Amino acid sequence: MYFCLFFRKIPYFMSKRTRIKDILSATPGQDHTVMGWVRTFRNNQFIALNDGSCLANLQIVVDFENEDPTLLKRITTGAAIKIDGELIASQGKGQTVELTAKNIEILGDCDPEVYPLQPKRHSLEFLREIAHLRFRTNTFSAIFRVRHTLAYAIHKFFNDRNFVYLHSPIITGSDAEGAGEMFQVTTLDLNNIPRTDEGDIHFKKDFFGKATNLTVSGQLEAELAALALCDVYTFGPTFRAENSNTTRHLAEFWMIEPEVAFNDLNDNMDLAEDMLKYLIQYVLDHCQEDLLFLEQRLVEEEKQKPQQDRSEMSLIEKLKFCLAHPFERLTYTEAIEILKNSTPNKKGKFQYPIEKWGADLQSEHERYLVEKHFKKPVILTNYPKEIKAFYMRLDEGEKTVRAMDVLFPGIGEIIGGSQREERYDVLLRRMEEMHIPAEEMSWFLDTRRFGTVPHAGFGLGFERLVLFVTGMTNIRDVIPFPRFPGNAEF
RNA sequence: GCCUCCUUAGCUCAGUCGGUUAGAGCGACGGACUGUUAAUCCGCAGGUCCCAGGUUCAAGUCCUGGAGGGGGCGCCA
């Protein structure tokens with residue numbers, strides 16, 4: 001650390017700051033400067049200080065008898081302070097080291113009468129309404145450290161495998177990505193929209209000279225790059241203007257979309273399973289303290305629930321179980337047979353009974369397969385072509401496509417992907433069947449005209465992964481500032 | 001978009017059949033204590049019962065409408 005400082009050209013006052021994560025494992029006997037926010041001030045003597053570098057607080061011991069009482073009054077929950085002191089072996093239980101304060105400076109006062117966070121448990125619903133402050137809680141600081149670690153691990157996973165990180169466009173001129181309602185992007189004056197002679201909106205006068213939207217998927221662009229670079233992935237924001245009101249949908253979310261030339265559906269499943277297991281293992285290795293806290297939080301929360309609604313496994317057990325077993329792979333057709341013969345189907349417990357092949361699976365069916373029948377992650381493949389996208393490769397017999405959905409307990413679909421249709425004629429026919437305007441997608445079709453190859457890819461919902469790993473249940477709690485219908489606060 | 005539940009103190013909630021002065025725990029504040037661990041003990045303050053309208057002698061409670069929030073479903077990642 002001091003080595004780095006030596007090379008700084010500009011003096012930087014924060015440079016003297018020791019992070020709490022570092023000081024907690026430092027050797028006692030040295031002076032340090034720490035800065036952070038007060039969690040509690042006990043007994044007019046013990047400050048629990050947190051700077052977000054880790055879950056744990058640093059205990060600051062104040063010599064209150066020789067300290068200015070008006071200063072002590074300002075050490076309140078939420079106040080930002082700077083402490084110079086000596087790190088010593090703790091004289092109390094509960095921590096190994098503590099800092100004896102030699103100098104206390106209030107950086108930012110915090111009026112406890114109006115500060116919403118109190119040294120007590122708050123509901124997730126309440127914290128959601130004060131999302132600008134919820135980072136200061138144990139739960140949310142843990143979630144966002146885990147979220148960061150997952151994001152980093154994704155780049156590491158792909159980089160270690162020689163993938164190229166592709167920045168697919170966020171503004172798209174294509175309205176045929178086929179993944180749902182889009183947000184329009186325009187600089188036209190909405191109070192005075194220019195019209196053509198026919199009365200249509202005159203998009204030629206818009207910023208890009210055409211109608212544009214926010215992307216719903218980087219897949220099509222990733223395919224273009226994969227057919228030259230072979231192994232690519234995107235990791236960026238994605239926007240869906242669906243009126244979705246659930247605990248697992250957002251209007252703005254982050255998606256990882258690998259796309260690999262020469263891969264078939266089996267390679268695609270292998271990549272998806274390897275990646276998910278790598279990411280879970282990485283978090284187990286690097287976020288132990290946060291995971292243990294989140295696990296304990298879950299236990300406390302589930303104490304409120306009846307026995308039958310509680311998890312069978314603890315959070316960390318669940319993650320390790322996921323690593324220890326191969327994901328169950330089966331076709332849609334096999335899944336339909338299992339569901340058809342399942343007890344809930346026979347007893348009429350499904351809201352949508354399984355009657356015949358071809359029906360789309362409802363989330364109750366997916367849950368049954370994952371949570372009751374197999375009790376582990378499941379990859380469903382080879383769905384009927386009618387219920388999947390135009391770009392998925394037709395199987396022999398032309399009834400099914402080489403699609404795959406990875407289903408996780410509690411989350412449902414965490415990955416959706418497929419081997420892509422690489423045959424020009426077949427792709428063109430499928431686009432016509434599904435009313436995709438081929439003339440607007442010549443650039444996409446060109447890859448099939450010029451040196452086409454089999455290839456495959458998938459989309460991983462980043463927040464759904466964070467949900468699973470943290471054991472949280474509402475996707476709005478694993479993204480800093482969630483966007484959903486009727487809400488774009490902060 | 002559909003279904004359902006909720007909205008009472010800063011937070012979490014109780015509030016009986018519609019009945020007269022709306023409660024608790026935690027937090028905050030004041031004091032005591034001073035090696036505490038969301039400290040403890042004593043004390044004190046704190047209310048537009050989400051909003052609007054209606055029924056009634058009387059509404060936190062019943063009815064209608066609206067707003068906000070939770071959960072489920074659909075769309076999907």
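These numbers come from a predicted model, not from an experiment. Convention: sequence-line order gives letters A, B, ...; per-chain numbering from 1.
Comparing B/U34, B/A77, B/A28 by their nearest atom to the side chain of A/Asn43 picks out B/U34. Counting only heavy atoms from C-beta on, A/Gln95 has its side chain closest to B/U36 among B/G1, B/U36, B/C29. Closest approach to the A/Lys120 side chain among B/A38, B/C29, B/G71 is made by B/A38 (side chain taken as heavy atoms from C-beta onward). The A/Arg42 side chain lies nearest to B/U36 when the options are B/U12, B/A77, B/U36. Of all nucleotides listed (B/A38, B/G74, B/G35), B/G74 comes nearest to the side chain of A/Ser363. Considering only side-chain atoms of A/Asn245, the nucleotide from B/G1, B/A28, B/U36 that sits closest is B/G1. The listed nucleotides are B/U12, B/G35, B/A77; the one nearest the side chain of A/Phe126 is B/U12. For A/Ser244, the side-chain atoms get nearest to B/G74 when compared with the rest of B/G35, B/G72, B/G74. The side chain of A/Pro119 approaches B/G27 more closely than any other nucleotide in the set B/G27, B/C29, B/G69.
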RNA chain B in dot-bracket, Watson-Crick or G-U pairs under 3.5 Å, [ ] crossing, | other strand? (((((((..((((.....[...))))..((((.......))))......(((((..]....))))))))))))....
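Within residues 456-470 of chain A, the residues having any heavy atom under 4.0 Å from RNA chain B are, by residue number, A/Gly459, A/Gly461, A/Arg464. Taking every heavy atom of residues 481-488 of chain A and every atom of RNA chain B, pairs under 4.0 Å involve A/Asn487, by number.
For residues 67-76 of chain A, every residue pair satisfying the side chain to side chain donor-acceptor pair (under 3.5 Å) rule, not counting sequence neighbours, is listed here: A/Asp68-A/Thr70, A/Arg74-A/Asp109. Residue pairs that meet the side chain to side chain donor-acceptor pair (under 3.5 Å) test with at least one member in residues 347-359 of chain A, sequence neighbours left out, are A/Thr333-A/Trp357. Note on residues 103-136 of chain A: pairs passing ring-ring contact (aromatic ring centres under 6.0 Å, His included), not counting sequence neighbours, are A/His122-A/Phe126, A/His132-A/Phe490, A/Phe135-A/Phe144, A/Phe135-A/Phe481. Under the salt bridge (Lys or Arg N to Asp or Glu O under 4.0 Å) criterion, the residue pairs touching residues 368-391 of chain A are A/Glu328-A/Lys376, A/Arg367-A/Glu371, A/Lys388-A/Asp405, with sequence neighbours excluded.
Taking atom OH on A/Tyr115 and atom C1' on B/G27, their separation rounds to 13 Å, with Å as the unit. Put simply, CD on A/Glu242 is 17 Å from P on B/C73, counting in whole angstrom units. Note: CE (A/Met392) to C1' (B/C76) measures 11 Å, nearest angstrom.
Rounded to whole Å, the C1' atom of B/C50 lies 10 Å from the corresponding atom of B/U8. B/U20 and B/G25: their C1' atoms are spaced 27 Å apart (whole Å). Atom P of B/G10 sits at a distance of 15 Å from the matching atom of B/C29, rounded to the whole Å. Spacing between B/C3 and B/U21 at atom P, rounded to whole Å, works out to 40 Å. Distance check on atom P: B/G53 versus B/C76 gives 45 Å, rounded to whole Å. Only the P atoms considered, B/U16 is 37 Å distant from B/G74, to the nearest whole Å. Nucleotides B/G27 and B/G18, compared at atom C1', are 33 Å apart to the nearest Å. For the C1' atoms, the distance from B/A28 to B/G65 is 38 Å, rounded to whole Å.
Per the stacking criterion (ring centres < 5.5 Å, plane angle < 30°), A/Phe253 stacks onto the base of B/A77.
Residue contacts for A/Gln91: at a heavy-atom cut-off of 4.0 Å it reaches a base atom on one of the strands shown. Within the nucleic acid shown, A/Lys73 comes within 4.0 Å of sugar-phosphate atoms alone, with no base atom in reach, counting heavy atoms only. Counting non-hydrogen atoms under 4.0 angstrom, A/Arg128 reaches the backbone sugars and phosphates but no base.
Scored by the ring-ring contact (aromatic ring centres under 6.0 Å, His included) test, A/Phe321 finds A/His325 as partners (sequence neighbours excluded). With sequence neighbours excluded, no residue forms a salt bridge (Lys or Arg N to Asp or Glu O under 4.0 Å) with A/Glu257. Applying the ring-ring contact (aromatic ring centres under 6.0 Å, His included) criterion to A/Phe327, with sequence neighbours excluded, gives A/Phe408. The salt bridge (Lys or Arg N to Asp or Glu O under 4.0 Å) check on A/Arg136 picks up nothing, with sequence neighbours excluded.
In this structure, the side chain of A/Arg420 engages the main chain of A/Gly457 through a donor-acceptor pair within 3.5 Å. Here the side chain of A/Tyr165 pairs a donor or acceptor atom with the backbone of A/Phe235 at under 3.5 angstrom.
Neither OP1 nor OP2 of B/A38 sits under 4.0 Å from any side-chain N or O of A/Thr40. In terms of phosphate contacts, A/Gln362 brings a side-chain nitrogen or oxygen within less than 4.0 Å of OP1 or OP2 of B/G74. Remark: A/Arg476 is in phosphate contact with B/G70, judged by side-chain N or O atoms under 4.0 Å from OP1 or OP2.
Heavy-atom distances to RNA chain B give each of A/Thr77 and A/Arg248 a nearest nucleotide, and the one nearer the 5′ end belongs to A/Thr77. When each of A/Ala251 and A/Arg367 is assigned the nucleotide of RNA chain B with its nearest heavy atom, A/Arg367 is the one assigned upstream, toward the 5' end.
For A/Tyr391 and A/Gln219, the side-chain atoms include at least one donor-acceptor pair closer than 3.5 Å. Side chains of A/Thr149 and A/Arg145: no donor on one and acceptor on the other come within 3.5 Å. Remark: the A/Ser244 side chain and the A/His249 side chain contain no N/O donor-acceptor pair separated by less than 3.5 Å.
For A/Gln184, the CD atom is loosely surrounded, since the number of other residues' heavy atoms within 6.0 Å does not exceed 12.
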Under-3.5 Å N/O pairs linking protein and nucleotides 48-52 of chain B:
none

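Classified by interplanar angle (parallel below 30°, tilted 30° to 60°, perpendicular above 60°), the ring pair A/His365/A/Phe350 is perpendicular.
Looking at A/Arg402 and A/Asp264, no side-chain N of the basic residue comes within less than 4.0 Å of a carboxylate O on the acidic one, giving no salt bridge.
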